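Since the model is a prediction, treat every value here as computed from it, not as a measurement.
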Amino acid sequence: MPELPEVEVVRRGLQSWVSGRTIADVQVLHPRAIRRHLPGAQDFAARLTGRTVGDACRRGKYLWLPLADTDTSILGHLGMSGQLLVQPQDADDEKHLRIRIRFADPLGTELRFVDQRTFGGLSLHENAPDGLPDVLSHIARDPLDPLFDDATFHTALRARRTTVKRALLDQSLISGVGNIYADEALWRARLHYERPTATLTRPRSVELLRHVREVMTAALAVGGTTFDSLYVNVNGESGYFDRSLDAYGREDEPCRRCGTAMRRRPWMNRSSYFCPRCQRAPRPVA
C-alpha cells in the first residue's frame, strides 16, 4: 500500500498537471473503479463534466481534488495498485485503464486512473466545513502537517495502552505511516515494535516523531519507495527509496548500525523487520 511519501509525490504531480483545468469529458471503463460512488458511473461523469479542478490535497495516505465552486471533491483510493497518470491524449491505453478524464484546453494531456487489481477507485464526496471530504473526518493529521501537535500526540500515545507499532499505524492517532516507514522509524529510534506505548517518555516520543519525519522526508526526496511496477508518480516514474531502507525487507542482512543479522517476524498479517540487538524486545509482564 502507498504511504504518505508516495501519495504526496502523486499529489504534487496532480497539482502541477491537473489543478486549475476544466473537465470536458469523463469515461468510466470499469464499474468497480467507481463502486464507492453509489449513484453510479453516469452520475459520476455528469457531476464532473464542466467543473474546474482545485488544488490537490492530501491528509496522510488520502488524496483528493476539490471541485471549484462546489462543496464536493474527487477522492482517490489508490489501493494496492492504483495509479493516477497524466498521459498524452494520443498515447496507447494502458491494459488496466479504468477511468479517463479529459480537459477543455489545448494542453493535449488527460488524467487516467489505472488499476490492475481494481482495489482502488475514484468517488465524489461532500466536503466538511474544514474542507476535508466527509468520509475522512476521523483521519488524524500527519507528522509533516504544520498543524500536527506533538504534545497532543504524546498524550494520546500513552493513553492508547497498546504497542508502539500498532499506534503508528492507527490513522486516527497519526496518519500517513504504514508498515514500511514504521519499521524504518522504529529502527532509527532503537525501539522494538512491541514496546508498550505507556512506557514511552515524552523525550522518547519526541525522538520517535523526529525519526518518522526524517524517514518520510528522505523518501519524498527520491520519489517514495517502489518494490514493483505498481507504484509510480503521475508521469509513470518509480521511486528509489527502497535502495536506502535500513530495516524493511532486510531479513538476515547485517544491521547497518551494529552488524547483527536483521530479523523478520509475522505481525498482523504483515511482517516486522528489526535488529534484535539494537531494538531489544520488551520484558514480558509478570
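- Taking CG of Asp183 as the reference point, atom CG of Leu245 lies at 9.5 Å (rounded to 0.5 Å).
- Checked by atom type, the side-chain pair Glu94/Gln83 shows no donor-acceptor distance below 3.5 Å.
- Counting only distance, with no hydrogens or angles, the side chain of Ser81 and the backbone of Arg117 share a donor-acceptor pair below 3.5 Å.
- Between Lys61 and Leu4, the closest heavy-atom pair is CG-N, 3.9 Å.
- Of all the heavy atoms in Pro282 and Pro196, the pair that sits closest is CB-CD, 4.1 Å.
- For the pair Arg98 (side chain) and Leu29 (backbone), a donor-acceptor distance under 3.5 Å is absent.
- In summary, Asp246 and Arg250 do not engage in a salt bridge, as defined by a charged side-chain N under 4.0 Å from a carboxylate O.
- Salt bridge annotation for Asp150-Arg213: present, with a cationic side-chain nitrogen under 4.0 angstrom from a carboxylate oxygen.
- The hydrophobic clustering, which links ILVMFWY residues whose side-chain heavy atoms are closer than 4.5 Å, places Leu14 and Val26 together.
- Of the possible donor and acceptor atoms, none in the side chain of Arg58 sits under 3.5 Å from a partner among the backbone N and O of Arg12.
- Here SG of Cys275 is found 8.5 Å from CZ of Arg280. Values are rounded to the nearest 0.5 Å.
- For the pair Gly120 and Arg35, the tightest heavy-atom approach, listed with the atom from each and the gap, is O-NH1, 3.1 Å.
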Does the salt bridge (charged side-chain N to carboxylate O under 4.0 Å, His left out) test come out yes or no for Glu184 and Arg188, once each step is laid out? CA-CA 6 Å; Glu184 291 299 300; Arg188 293 186 182 203; 5.2 Å; no
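- With values rounded to the nearest 0.5 angstrom, Lys95 atom NZ is found 13.5 Å from Leu97 atom CG.
- Side-chain contact check for Cys278 versus Thr260: every heavy-atom pair is 4.5 Å or farther apart.
- Here OG1 of Thr22 is found 9.0 Å from CZ of Phe103. Values are rounded to the nearest 0.5 Å.
- Annotation: cation-pi geometry satisfied between Arg257 and Trp187 (NZ/CZ under 6.0 angstrom from ring centroid, within 45° of ring axis).
- Under the 3.5 Å distance criterion, the side-chain polar atoms of Asp115 are matched with a main-chain donor or acceptor of Phe119.
- Contact annotation: the side chain of Leu169 approaches that of Arg270 to within less than 4.5 Å [non-hydrogen atoms, C-beta and beyond].
- Within the 3.5 Å criterion, the main-chain N or O of Trp64 finds no donor-acceptor partner in the side chain of Arg11.
- With Gln279 contributing its side chain and Leu191 its backbone, the two residues share a donor-acceptor pair below 3.5 Å.
- Val9 and Tyr62 fall into different hydrophobic clusters, where Ile, Leu, Val, Met, Phe, Trp and Tyr are joined by side-chain heavy atoms under 4.5 Å apart, directly or via other members.
- When atom types are taken as modelled, the side chain of Asp25 and the backbone of Arg102 share no donor-acceptor pair closer than 3.5 angstrom.
- What you find for Met262 and Pro254 is that their closest heavy atoms are CG-C, 4.3 Å.
- Counting heavy atoms from C-beta on, the side chains of Leu132 and Asn127 never come closer than 4.5 Å.
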Given the rule in the side-chain contact (heavy atoms from CB on, under 4.5 Å) test, do Leu122 and Phe44 qualify, once you have shown the distances and angles that lead to the verdict? CA-CA 9 Å; Leu122 303 181; Phe44 180 80; 3.9 Å; yes
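- Of all heavy-atom pairs between Leu209 and Pro143, the closest is CD2-CB, 4.4 Å.
- With 3.5 Å as the limit, one finds a donor-acceptor pair spanning the side chains of Tyr181 and Glu6.
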Start with the C-alpha distance between Val53 and Ile101, add both sets of side-chain angles, then the distance that settles side-chain contact (heavy atoms from CB on, under 4.5 Å), and finish with yes or no. CA-CA 11 Å; Val53 180; Ile101 299 177; over 6 Å; no
Applying side-chain contact (heavy atoms from CB on, under 4.5 Å) to His192 and Leu186, what does each step give before you reach the verdict? CA-CA 7 Å; His192 192 275; Leu186 290 170; over 6 Å; no
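- Considering Arg21, Arg100, Gln89 in turn, Arg100 is the only one that fulfils the side chain to side chain donor-acceptor pair (under 3.5 Å) rule with Glu110.
- Shown here for Thr49 and Ala24, the closest heavy-atom pair between the two residues is CG2-O, 3.5 Å.
- At a cut-off of 3.5 Å, with distance as the only test, a side-chain donor of Ser271 or Arg264 sits close to an acceptor on the other residue.
- With Ser19 contributing its side chain and Gly54 its backbone, the two residues share a donor-acceptor pair below 3.5 Å.
- Rounded to the nearest 0.5 angstrom, Arg47 CZ and Ile23 CD1 are separated by 12.0 Å.
- Hydrophobic cluster membership differs between Ile139 and Met216, with clusters built from Ile, Leu, Val, Met, Phe, Trp and Tyr side chains linked at under 4.5 angstrom.
- A donor-acceptor contact shorter than 3.5 Å links the side chain of Thr197 to the backbone of Thr162.
- Atom CG of Asp130 sits in a crowded spot, with more than 12 heavy atoms from other residues, nucleotides or ligands closer than 6.0 Å.
- Between Leu65 atom CG and Thr72 atom OG1 the span is 11.0 Å, to the nearest 0.5 Å.
- Here the side chain of Gln171 pairs a donor or acceptor atom with the backbone of Val177 at under 3.5 angstrom.
- Taken together through direct or relayed side-chain contacts under 4.5 Å among Ile, Leu, Val, Met, Phe, Trp and Tyr, Ile34 and Val135 form parts of separate hydrophobic clusters.
- There is a side-chain donor-acceptor pair under 3.5 Å between Thr118 and Arg32.
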Under the side-chain contact (heavy atoms from CB on, under 4.5 Å) criterion, do Leu78 and Leu84 qualify, and how do the steps go? CA-CA 8 Å; Leu78 298 182; Leu84 284 164; 4.2 Å; yes
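- With Ser272 as the partner, the side chain to side chain donor-acceptor pair (under 3.5 Å) test is satisfied by one option alone out of Arg263, Arg265, Lys165: Lys165.
- Considering only heavy atoms from C-beta on, Arg166 comes within 4.5 Å of Trp267 through its side chain.
- Placement of Val18 and Leu63 within a single hydrophobic cluster is found when ILVMFWY residues are connected by side-chain heavy-atom separations under 4.5 Å, directly or transitively.
- Relative orientation of the Phe148 and Phe153 rings is tilted, given thresholds of 30° and 60° on the angle between their planes.
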